[in-house]
A.B. asks: 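Here it is, the structure in full.
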Amino acid sequence: ETGVTQSPTHLIKTRGQQVTLRCSSQSGHNTVSWYQQALGQGPQFIFQYYREEENGRGNFPPRFSGLQFPNYSSELNVNALELDDSALYLCASSFGSGTSYNEQFFGPGTRLTVL
Amino acid sequence: DQQVKQNSPSLSVQEGRISILNCDYTNSMFDYFLWYKKYPAEGPTFLISISSIKDKNEDGRFTVFLNKSAKHLSLHIVPSQPGDSAVYFCAAKLAGNQFYFGTGTSLTVIP
C-alpha cells in the first residue's frame with residue numbers, strides 16, 4: 001500500500017511568482033487536505049477536497065487555490081507569492097463521506113522558500 | 001487567533017517515567033481531539049484521538065484525557081521510551097473536517 005507522497009520536496013521561488021505543489025493520496029482515499037506549517041508553528045488548515053470539490057477552507061486568501069483529480073490526487077496553487085508564504089506545505093489524505101471524521105495520513109511535505 | 005494552544009515548547013523525561021503533554025483550546029464546538037507525533041523530515045503521524053463526548057481514551061502506553069469544563073486535554077505516555085522522542089502536536093476538529101493544530105511540544109526521553 002503506497003502512502004501519501006508529495007512533490008517536489010523542496011522549492012525556491014521569488015516574490016510574485018506562482019507555484020504548484022502536488023500530492024498523491026493514499027490508495028483508497030478520496031479526501032485530501034492541505035496545511036501550511038510555518039517555522040515554529042503547528043500546521044494551519046488551508047482547505048480540503050472531497051471527491052473533486054472543495055469541502056472546507058481555512059483563513060487563507062483566494063490566491064491559495066486547489067484542485068482534486070478523478071484519481072483523488074491533488075494540487076495546491078499559490079499565486080503572487082509573498083515572503084510569508086515560506087513554509088512546509090503538508091498534504092493529508094483520508095477516506096470519508098465528506099462530513100464524517102476519519103484518520104488522516106500525512107505526506108512528508110514540500111518545503112517552499114520565497115526569496 | 002490560536003484556538004489550540006500548547007504552552008510548553010519542550011519537555012524532557014527520564015526513560016521509564018511518565019510523560020505528560022498538555023493542550024488547551026478555546027472553541028467549545030470542537031467535536032474530536034487528536035494527538036500527532038512528528039519526526040524530522042516526516043509528516044505528522046496520528047497517535048490517538050478522543051471524541052468530545054468521552055473523557056478518556058487509552059491505547060497501550062498512550063492515554064488521552066479530556067476535561068471539557070476546563071477546555072483542556074492531556075496525553076500521558078507510560079512508560080516513556082527513547083523512541084518516543086519527537087514533536088507532539090495536539091489538534092482539534094470542527095464538524096466539516098476543519099482541523100486546528102497547536103504549536104507542538106518537543107519531547108526528549110533521556111535513556
Side-chain angles (χ1 to χ4, degrees), chain A residues 3-10 21 23-26 29-51 53-60 68 87-111, chain B residues 1-10 21-27 29-54 57 59 62 64 73 75 86-106:
Chain A
V4 179
T5 60
Q6 292 185 243
S7 63
T9 52
H10 294 87
L21 310 182
C23 171
S24 291
S25 57
Q26 186 162 313
H29 287 181
N30 59 8
T31 303
V32 172
S33 300
W34 285 93
Y35 294 84
Q36 179 195 68
Q37 186 179 7
L39 202 60
Q41 302 296 314
Q44 286 200 56
F45 177 74
I46 303 175
F47 43 57
Q48 181 185 84
Y49 278 82
Y50 167 65
R51 299 177 91 176
E53 297 286 332
E54 188 177 290
N55 184 45
R57 188 178 183 95
N59 189 26
F60 280 81
Q68 188 179 32
L88 180 69
Y89 287 84
L90 293 163
C91 163
S93 77
S94 60
F95 177 79
S97 67
T99 55
S100 64
Y101 161 68
N102 285 288
E103 182 182 337
Q104 296 185 104
F105 293 82
F106 282 84
T110 293
R111 172 73 61 187
Chain B
D1 178 27
Q2 192 74 23
Q3 298 194 49
V4 177
K5 297 178 184 178
Q6 294 176 257
N7 293 316
S8 298
S10 62
L21 294 94
N22 294 303
C23 179
D24 297 295
Y25 63 95
T26 57
N27 192 336
M29 298 303 293
F30 288 135
D31 61 0
Y32 254 96
F33 301 89
L34 309 93
W35 285 93
Y36 287 85
K37 179 178 177 180
K38 186 179 188 300
Y39 293 116
E42 295 183 11
T45 302
F46 170 76
L47 197 56
I48 191 169
S49 66
I50 187 167
S51 164
S52 62
I53 62 173
K54 302 276 181 71
N57 186 27
D59 183 4
F62 303 92
V64 57
L73 68 155
L75 173 68
V87 177
Y88 289 78
F89 289 101
C90 168
K93 188 188 84 68
L94 287 175
N97 286 324
Q98 288 203 28
F99 288 81
Y100 294 82
F101 282 76
T103 52
T105 296
S106 178

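Every value quoted in this text rests on a predicted model; they were computed, and no experiment measured them. Protein chains get the first letters and strands the later ones, always in sequence-line order, with residue 1 at the start of each.
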A.B. asks: Nearest 0.5 Å, what's the OH-CD distance between B:Tyr36 and A:Glu103?
C.D. replies: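 If we round to the nearest 0.5 Å, B:Tyr36:OH and A:Glu103:CD are 7.0 Å apart.
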A.B. asks: Considering only heavy atoms from C-beta outward, does the side chain of B:Phe89 approach that of A:Gln37 to under 4.5 Å?
C.D. replies: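 Result yes, sub-4.5 Å side-chain heavy-atom pair found.
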A.B. asks: Nearest heavy-atom pair of A:Gln104 and B:Phe46: which atoms, and what distance?
C.D. replies: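 Shortest heavy-atom separation between A:Gln104 and B:Phe46 comes out as O-CB, 4.4 Å.
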A.B. asks: To the nearest 0.5 Å, tell me how far B:Glu42 CD sits from A:Phe106 CZ.
C.D. replies: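 It is 13.5 Å, given to the nearest 0.5 Å.
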A.B. asks: Need one label for A:Gln6: side chain, backbone, both or neither, based on atoms under 4.5 Å from any heavy atom in chain B.
C.D. replies: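 It is neither, since no heavy atom gets under 4.5 Å.
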A.B. asks: Quick check on A:Gln41 against chain B: is it the side chain, the backbone, both or neither that has a heavy atom closer than 4.5 Å?
C.D. replies: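 Both backbone and side chain.
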A.B. asks: Apply side chain to side chain contact (heavy atoms under 4.5 Å, CB included) to B:Lys93 and A:Phe45, showing your working.
C.D. replies: CA-CA 11 Å; B:Lys93 188 188 84 68; A:Phe45 177 74; over 6 Å; no
A.B. asks: Taking all atoms of both residues into account, what is the closest heavy-atom pair of B:Pro44 and A:Leu90, and its distance?
C.D. replies: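 Minimum heavy-atom contact is CD-CD1, 3.9 Å.
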A.B. asks: Considering only heavy atoms, which portion of A:Arg57 lies under 4.5 Å from any heavy atom of chain B: side chain, backbone, both, or neither?
C.D. replies: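 The answer is the backbone of A:Arg57.
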A.B. asks: At their closest point, which heavy atom of B:Ala41 faces which heavy atom of A:Pro108, and how far apart are they?
C.D. replies: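 So the two residues come closest at O-CB, 4.1 Å.
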A.B. asks: From B:Gln98 CD over to A:Phe47 CZ, what is the distance, rounded to the nearest 0.5 angstrom?
C.D. replies: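 Going from the CD atom of B:Gln98 to the CZ atom of A:Phe47 covers 12.5 Å.
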